[in-house]
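Numbered from 1 within each chain, the chains take letters A, B, ... in sequence-line order.
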Number of protein chains: 2
Amino acid sequence: MIIVLERRGNMAEIKFSRQREAIQKELCGRKDHPTAEDLYAKIRIEHPNISLGTVYRNLHQMAENGKILCIAREGCPVRFDGNPAPHYHLACTACGRVLDVEMPFMHELDISAAAATGGEIHAHSVLFTGLCADCISKH
Amino acid sequence: MIIVLERRGNMAEIKFSRQREAIQKELCGRKDHPTAEDLYAKIRIEHPNISLGTVYRNLHQMAENGKILCIAREGCPVRFDGNPAPHYHLACTACGRVLDVEMPFMHELDISAAAATGGEIHAHSVLFTGLCADCISKH
DNA sequence: GTCATTGCAAAACGTTTGCATGAAT
DNA sequence: ATTCATGCAAACGTTTTGCAATGAC
């Protein structure tokens, strides 16, 4: 299997589009981590003609360009994060939400990993699993 | 969306099966992180009648019971890890492989995250992104 | 005898793609 | 005029499911 991670094919220009603008605005205006369908549903209110394919295409492009993050989990649709700065996430086992965890990001981990592997680490993503504060207090 | 993470429905008995045994043996006998299809293809050599559904069902059950780990990434089929002890992974951007990273696991991160969220952290999974040693040296 | 597990094939799901049209530069 | 982006609908790859049959206990 070949993993294609190349940035946009050599120097193709990115043209403005209403749709991309709407997606970007919607995603960056929220602090949760919506799925493509979530965004599609929301954006459709103001842009009734937008298509799901366009949402996916743009999310993909934005991720390639480092403008957003993707959060993948077993058995769940991918979630997107409008904040591209590396940070931690918590997947709550009770309510199913994915939340940001406000703690300092350990860039040192990348250094340790690079030392351990002899390779070159570009990023690390961390997903905590557990109960969020809301779910703890509700019970 | 409701996330179902419950362990096996109250106290249903787990009965032995040849197929599960083969899956367990195959997965735990290797240090890479195969997909369900990979395992299916391999196991089919000795158990020609096994079905892909059975492979998925058993992997799911084993994951629920904490016998194996799942590694999910955007755009890739889920990979399974026969070693359920918490540890780190590297996804190589050049060759596409997912490798173990031999470095001490930071349980302290869970404590920091619990403090930061006010919740209860059960685990954390880390996926590094970068180049593995093989790909660095090949270039 | 009971109930978990299987194989099979169909369906579900999330996502990607081809193509003709439209919009941005 | 060029070429990037869009909407649509069809296709894709992965995973799950219903069901009747089999196997474990």
Side-chain angles (χ1 to χ4, degrees), chain A residues 1-24 33-41 43-44 46-65 67-68 70-80 96 98, chain B residues 1-24 33-41 43-44 46-65 67-68 70-80 96 98:
Chain A
M1 190 209 333
I2 293 157
I3 306 289
V4 179
L5 286 165
E6 60 194 29
R7 318 239 140 213
R8 146 166 287 255
N10 265 353
M11 45 203 54
E13 185 191 358
I14 293 184
K15 292 184 174 163
F16 170 86
S17 93
R18 261 176 200 303
Q19 292 87 336
R20 186 183 313 114
E21 183 185 50
I23 294 165
Q24 181 124 239
H33 304 97
T35 64
E37 288 273 6
D38 291 338
L39 290 166
Y40 175 56
I43 291 165
R44 218 134 78 107
E46 301 219 337
H47 298 76
N49 290 330
I50 198 172
S51 83
L52 186 53
T54 294
V55 173
Y56 274 107
R57 271 187 293 239
N58 278 290
L59 288 170
H60 228 94
Q61 185 193 93
M62 289 155 71
E64 268 175 12
N65 294 351
K67 297 201 184 311
I68 65 173
C70 305
I71 307 163
R73 283 179 307 151
E74 225 271 86
C76 304
V78 174
R79 287 158 176 278
F80 298 90
V98 175
Chain B
M1 190 209 333
I2 294 158
I3 306 287
V4 179
L5 286 164
E6 59 196 30
R7 318 241 140 212
R8 145 166 288 255
N10 266 352
M11 45 204 53
E13 186 191 358
I14 293 184
K15 292 184 177 163
F16 171 87
S17 93
R18 261 177 200 302
Q19 292 88 337
R20 188 183 310 117
E21 185 186 48
I23 293 164
Q24 181 124 240
H33 304 96
T35 64
E37 287 273 5
D38 292 337
L39 290 166
Y40 175 57
I43 291 165
R44 216 133 80 108
E46 302 220 336
H47 299 75
N49 290 328
I50 198 172
S51 82
L52 186 53
T54 295
V55 173
Y56 274 107
R57 272 188 293 236
N58 279 290
L59 287 170
H60 229 93
Q61 186 195 90
M62 290 156 69
E64 269 175 12
N65 294 349
K67 298 201 184 307
I68 65 173
C70 305
I71 307 164
R73 283 179 308 152
E74 227 268 86
C76 305
V78 174
R79 288 158 177 278
F80 297 90
V98 176

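For C/dA23, the OP1/OP2 oxygens have no side-chain nitrogen or oxygen of A/Arg18 closer than 4.0 Å. Here B/Gln61 does not reach the OP1 or OP2 of C/dA4: none of its side-chain N or O atoms lies under 4.0 Å away. One finds a side-chain N or O of A/Asn58 lying less than 4.0 angstrom from the OP1 or OP2 phosphate oxygen of D/dT6. For the OP1/OP2 pair of D/dG7 and a distance below 4.0 Å, the side-chain nitrogens and oxygens of A/Ser51 include at least one atom meeting the criterion. Using a 4.0 Å cut-off, some side-chain N or O of A/Gln19 falls inside it from OP1 or OP2 of D/dG7.
Residue A/Glu21 contributes atom CD, which lies 16 Å from atom P of C/dA23 at whole-angstrom precision. The nearest whole Å value for the distance from the CE atom in A/Met62 to the C1' atom in D/dA5 is 15 Å. Distance NZ (A/Lys15) to C1' (C/dA24): 5 Å, rounded to an integer number of Å. Regarding B/Tyr40, its OH atom lies at a distance of 10 Å from the P atom of C/dA9, rounded to whole Å. Atom CD1 in A/Ile50 sits about 13 Å away from atom C1' in D/dC8, given to the nearest Å. Rounded to whole Å, atom C1' of D/dA5 lies 15 Å from atom CD of A/Gln24.
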Pull out every protein N or O sitting under 3.5 Å from an N or O of nucleotides 13-19 of chain C, one pair per line with the distance.
unit_1: C/dT15; atom_1: OP1; unit_2: A/Val78; atom_2: N; d: 3.0
unit_1: C/dT15; atom_1: OP2; unit_2: A/Tyr56; atom_2: OH; d: 2.4
unit_1: C/dT15; atom_1: O5'; unit_2: A/Tyr56; atom_2: OH; d: 3.2
unit_1: C/dG18; atom_1: O6; unit_2: A/Arg57; atom_2: NH1; d: 3.2

### Task
Please test A/Gln19 against A/His47 for side-chain contact (heavy atoms from CB on, under 4.5 Å), starting from the C-alpha separation and ending with a verdict.
CA-CA 8 Å; A/Gln19 292 87 336; A/His47 298 76; 5.5 Å; no

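For B/Tyr40, the side chain to side chain contact (heavy atoms under 4.5 Å, CB included) partners are B/Glu37, B/Arg44, B/Ile50, B/Leu52, B/Val55, not counting sequence neighbours.
Put simply, the side chain of A/Lys15 does not reach to within 4.5 Å of the side chain of A/Arg20, judged on heavy atoms.
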